[in-house]
Amino acid sequence: MGDQVFTGCTAATLADGATYGLIENAAIAVQDGMVAWVGEAPNLPAELAKLPCTDLGGALVTPALVECHSHLVFGGDRAREFALRLGGASYEEIARQGGGIRSTVSATRDASNEELLNAALRRVDDLIADGVAVIEIKSGYGLSVEQEMRMLRVARRIENHRPIRIVTTWLAAHALPPEYADTPDAYVEEVVIAGLKRAHAEGLVDAVDGFCEGIGFTPAQIRRVFEVARELGLPVKLHAEQLSDLKGAVLAAEFGALSADHLEFLADEDVPHLAKAGTVAVLLPGAFFTLRETRLPPISALRANRVPMAVASDCNPGSSPMSSLRLAMVMSCTLFRLTPEEALAGATCHAAAALGLSDEYGSIAAGKRAEFAVWDTKCPDFLSYWIGGDLLRGRIIHGEYHER
Ligand code: DI6
Ligand code: FE
């Protein structure tokens, strides 16, 4: 691999996990695809100064972005449902009438592997255009053992087609399929848990998730699933407090979850549980926006308790039909009042933590992977300010520069 030094750039290293960690006139030395050294160019150690040098022409370099919550493998779309919701039907009403997640389940079951893959690759390409190097993808639209496993196999195949790291999450506890409409506990045992064991044996599962909600699964059912995840040595995360307060985040924290996600209905007094467990709060402003939610996640309490806040797209056909992580950053500032600095930390270092990948991704620091995004701006605030457009000048992938 081409060991080299990148110069002529401003680096937002995110090295302390909280601030931009800006270095003007930076040099970043990479060896074997890893960061060997980063600092001010005049301080570059002499032995590294002998390496070939690539001048980035004054660009801003950040860690590659990390998409830590997506459902981007699915069949069909829900544009019709969107129109119905604008006409007054609520997300929960549509779900209870058999639409919502269940309609995507039908379309996903009907799609071939190639159709699922090709549709997913378009969304992956959108994320790559935002400087993303890692994408978490959940199952949850198959809702049978075979179909859930198929979703994760398709998700894993994306790595063969694009220069991207894929992390897969078992989310069979997403909705009840019609076959189990009256027997949720049987679904949990026969599909969620039995399937998890099989998918894990096939090496398909990096983490286990659930939808803890009135239209999803009860805390008692999620606990059953988490107990099995623990036996298997798999980390957990949870869709918690998106539409109501069932104390899912407290449950997630009890199991040392990597993350608790959504959290609009999280009570201030429950925030310390997340802090104590080191659980990342994943904020999903795309779903908040799309569902025209008015209740805000408890940002001040999360801040005050120093709970790391990640930002993700939640890319899915129902509640967050968007495939831009940068737009999620913009929305997190406009709708949730994150600072641009928090938004970038949320899409890099805290997102990496939400996937258990902090040792490899999320900041520009010696020993981490040399995966960076190179932007057409000098100011990192710009990334959370400009809506749309094409800001990415290039990507550094395994230490090699690829201009767009
Ligand atoms: N919460 C969400 O926002 C997505 N899943 C979940 O549990 C929505 C999934 C969908 O509507 O298709
Ligand atoms: Fe989600």
Side-chain angles (χ1 to χ4, degrees), residues 67-82 84-85 89-109 119-120 123 135-143 148 151 155 167-177 192 207-218 221-222 225 236-244 246 248-249 252 257-266 280-293 295 297 310-323 325 328 331 351 354-355:
E67 170 57 65
C68 70
H69 180 138
S70 94
H71 309 247
L72 66 72
V73 172
F74 61 83
D77 66 67
R78 307 235 290 276
R80 259 327 294 163
E81 174 186 317
F82 172 65
L84 286 176
R85 272 192 284 110
S90 81
Y91 182 73
E92 282 154 300
E93 276 160 20
I94 290 169
R96 291 191 197 283
Q97 286 160 16
I101 293 176
R102 274 202 209 164
S103 71
T104 298
V105 172
S106 307
T108 302
R109 288 178 175 181
R123 299 166 200 133
I135 305 176
E136 185 258 16
I137 302 177
K138 301 173 194 297
S139 68
Y141 293 123
L143 308 188
E148 287 288 298
M151 283 189 69
V167 173
T168 48
T169 299
W170 182 256
L171 178 60
H174 193 202
L176 272 184
V192 180
V208 178
D209 195 351
F211 186 29
C212 187
E213 193 57 66
I215 55 169
F217 294 85
T218 65
Q221 288 162 341
I222 297 293
V225 179
V236 299
K237 40 182 58 238
L238 191 63
H239 286 70
E241 275 76 84
Q242 180 184 6
L243 308 169
S244 62
L246 298 187
L258 287 174
S259 69
D261 303 43
H262 286 286
L263 303 177
E264 280 83 345
F265 286 78
L266 176 64
V280 176
V282 177
L283 305 176
L284 303 167
F288 176 94
F289 171 82
T290 302
L291 300 181
R292 308 180 74 204
E293 182 55 68
R295 168 128 171 184
V311 175
S313 74
D314 196 14
C315 176
N316 78 66
S319 66
S320 193
M322 76 178 193
S323 46
L325 181 50
M331 287 178 168
L355 300 179

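Start at 1 and go down the list; that is how both ligands and their atoms are numbered.
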Show the atoms of ligand 1 that are less than 4.0 angstrom away from any heavy atom in [X].
| X | answer |
| --- | --- |
| Y141 | 9 (C), 10 (C), 12 (O) |
| G318 | 11 (O), 12 (O) |
| H262 | 1 (N), 2 (C), 3 (O) |
| Y91 | 8 (C), 9 (C), 10 (C), 11 (O) |

(request) Ignoring hydrogens and angles, tell me if any N or O in the side chain of K237 forms a donor-acceptor pair with the backbone of A354 under 3.5 Å. (result) yes
(request) Could you tell me whether a side-chain N or O of R78 sits under 3.5 Å from a main-chain N or O of P317, the two making a donor and an acceptor? (result)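 No, because the side chain of R78 does not come within donor-acceptor range (under 3.5 Å) of the backbone of P317.
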(request) Look at the N, O or S atoms of H71, main chain and side chain alike, and state whether any lies under 2.8 Å from the Fe ion (ligand 2). (result) yes
(message) Please report whether ligand 1 has a polar contact with R78, defined as an N or O pair separated by less than 3.5 Å (distance criterion only).
(response)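 Looking only at distances, the answer is yes, because the N/O contact criterion of under 3.5 Å is met.
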Measure the distance from [atom] to every protein heavy atom, then report the residue, atom name and distance (to 0.1 Å) of the closest one.
| atom | value |
| --- | --- |
| atom 1 (N) of ligand 1 | Q242 OE1, 2.9 Å |
| atom 2 (C) of ligand 1 | S319 OG, 3.4 Å |
| atom 5 (N) of ligand 1 | H174 NE2, 2.8 Å |

(message) Quick test of your reading of the structure: of F288, F211, F217, whose heavy atom lies closest to atom 7 (O) of ligand 1?
(response)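 It is F211 that holds the nearest heavy atom.
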(request) Over 60° means perpendicular and under 30° means parallel, so classify the ring planes of H174 and H239, tilted if in between. (result)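 Because their plane-to-plane angle lies in the 30° to 60° range, the rings of H239 and H174 count as tilted.
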(request) Describe, in one word, how the ring planes of Y141 and F74 are oriented to each other, choosing from parallel (under 30°), tilted (30 to 60°) and perpendicular (over 60°). (result) perpendicular
(message) Measuring from non-hydrogen atoms of I101 to any atom of ligand 1, is the shortest distance under 4.0 Å?
(response)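 The answer is yes: ligand 1 sits under 4.0 Å from a heavy atom of I101.
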(message) Whether the K138 and T169 side chains hold a donor-acceptor pair (N or O, under 3.5 Å, no angle test) is what I'd like checked.
(response) no
(message) Can you confirm whether the side chains of E136 and S70 place a donor and an acceptor under 3.5 Å from each other?
(response)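 Side-chain D/A pair, E136 to S70: absent.
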(message) For the metal site, I want the angle between atom NE2 of H69 and atom NE2 of H239 with the Fe ion (ligand 2) at the apex, to 10°.
(response) 90°
(message) Checking side chain to side chain contact (heavy atoms under 4.5 Å, CB included) between E67 and each of D314, L355, I135, which is the one that passes?
(response) I135
(request) For residues P321 and F82, determine if any side-chain heavy atom of one lies less than 4.5 Å from a side-chain heavy atom of the other. (result)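 The answer is no; the side chains never approach within 4.5 Å.
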(request) Could you check which N/O/S atom of D314 is closest to the Fe ion (ligand 2)? (result)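 It is OD1 of D314.
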(request) State whether the number of non-hydrogen atoms from other residues, nucleotides or ligands found under 6.0 Å of R295 atom CZ is greater than 12. (result)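 Enclosed: over 12 neighbouring heavy atoms sit under 6.0 Å from CZ of R295.
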(message) With a heavy-atom distance limit of 4.0 Å, tell me whether D314 approaches ligand 1 through its side chain, its backbone, both, or neither.
(response) side chain
